[in-house]
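Report on one structure; see the data block that follows.
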Amino acid sequence: MKEKTQRFISGFLGAIIGTLIGFVILILSISNADVYGNLADWVGGVGTILAIIVAVLIADKTAKDNSEQAKKDRSANLYVDDLRKIIGFLTRINYDRNIDNLYKVAKFKFNPKEREEIRGYFVKDTGEFLEMRVAPEIQTIIYGMASEKRKNFQADLNIIMSELIKVMEMNAYSQTFDDREFIDRLNRTVQGYKNMGKTIEKEINDNSNFD
């Protein structure tokens with residue numbers, strides 16, 4: 001707002017000064033044409049100068065507009081590259097056939113080995129500790145985005161991370177292991193990944209530059 005006001009004042013003052021100069025030129029040309037030249041000479045000269053000034057201003061504005069557009073295009077391209085990297089990580093998780101099928105057949109009681117196998121689609125057992133599959137890499141990419149882009153994925157990412165942490169805390173060999181809670185948490189994780197995939201598809205379509 002302040003910048004617009006300053007531009008308006010500058011333009012207004014310029015118009016006043018230009019008008020005053022025009023009147024002075026007009027008076028001088030009429031009162032003493034032999035010394036200062038006639039009105040046509042002055043109008044022609046001023047017109048040429050104004051044409052040059054306008055041409056320079058237009059060229060400068062065009063250059064600035066092109067520079068801003070180039071920056072926006074580079075930013076959009078980097079964003080799309082990040083989205084495609086996330087898609088690459090999402091394709092490493094084979095969850096549809098397993099978790100969705102468990103919900104369809106409504107089987108929620110597993111032995112410890114089955115729990116480890118199901119969990120293994122989302123969590124890797126190194127022998128010393130458990131670690132999430134692909135989620136940390138996706139999180140790193142999302143956290144590297146600009147804040148206005150990051151918010152497109154933050155809610156689903158929070159669900160994925162929180163549910164997987166709870167799954168990792170569950171002891172597959174515990175006598176009190178809650179298989180229903182186990183599958184419910186993994187299903188919410190799946191839905192988070194699916195929602196993220198849909199958002200990515202939309203964002204790629206919205207931000208890709210097509211010739």
Can you find a heavy atom in the side chain of [X] that is under 4.5 Å from one in the side chain of [Y]?
X	Y	result
Met168	Arg119	no
Ile142	Ile86	yes
Asn111	Glu114	yes
Thr126	Glu131	yes
Asn171	Thr176	no
Ile118	Ile183	yes
Asp82	Met145	yes

Might you point out which heavy atoms bring [X] and [Y] nearest each other, and give the distance in Å?
X	Y	value
Ile138	Met196	CG2-SD, 3.8 Å
Arg150	Tyr143	NH2-O, 3.6 Å
Glu116	Ala172	CG-CB, 4.2 Å
Arg115	Ser174	NH1-O, 3.9 Å

Within this structure, what is the [atom1]-[atom2] distance for the pair [X] and [Y], rounded to the nearest 0.5 Å?
X	Y	atom1	atom2	answer
Leu164	Arg188	CG	CZ	11.5 Å
Ile204	Glu201	CD1	CD	8.0 Å
Phe182	Phe110	CZ	CZ	7.5 Å
Gln139	Met161	CD	CE	4.0 Å
Leu83	Asp206	CG	CG	10.5 Å
Met170	Lys166	CE	NZ	10.5 Å

Check your understanding: With a cut-off of 6.0 Å (strictly less than), are more than 12 heavy atoms of other residues, nucleotides or ligands near CD of Gln154?
Key ->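 Above 12, so yes.
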Review point. When you look at NZ of Lys149, are more than 12 heavy atoms from neighbouring residues, nucleotides or ligands closer to it than 6.0 Å?
Key: yes
Without swapping roles, check the side chain of [X] against the backbone of [Y] for a donor-acceptor pair under 3.5 Å.
X	Y	value
Arg185	Val167	no
Ser162	Ile159	yes
Glu163	Ile160	no

Check your understanding: Hey, is Asp184 close enough to Arg180 for a salt bridge, meaning N to O under 4.0 Å?
Key ->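 Here Asp184 pairs with Arg180 in a salt bridge, since their nearest N and O are under 4.0 Å apart.
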Check your understanding: Do the charged groups of Lys113 and Glu117 touch, with an N to O distance under 4.0 Å?
Key -> no
Point to revise | Aromatic ring pairing Tyr193/Phe122, orientation class (parallel under 30°, perpendicular over 60°, tilted between) | key: parallel
Practice item. Let me see the working for Val134 and Leu90 under side-chain contact (heavy atoms from CB on, under 4.5 Å), right down to the final yes or no. Key: CA-CA 7 Å; Val134 312; Leu90 291 178; 5.7 Å; no
Point to revise | Criterion side-chain contact (heavy atoms from CB on, under 4.5 Å) on Tyr121 and Arg133, from CA distance to verdict | key: CA-CA 8 Å; Tyr121 292 106; Arg133 294 185 185 273; over 6 Å; no
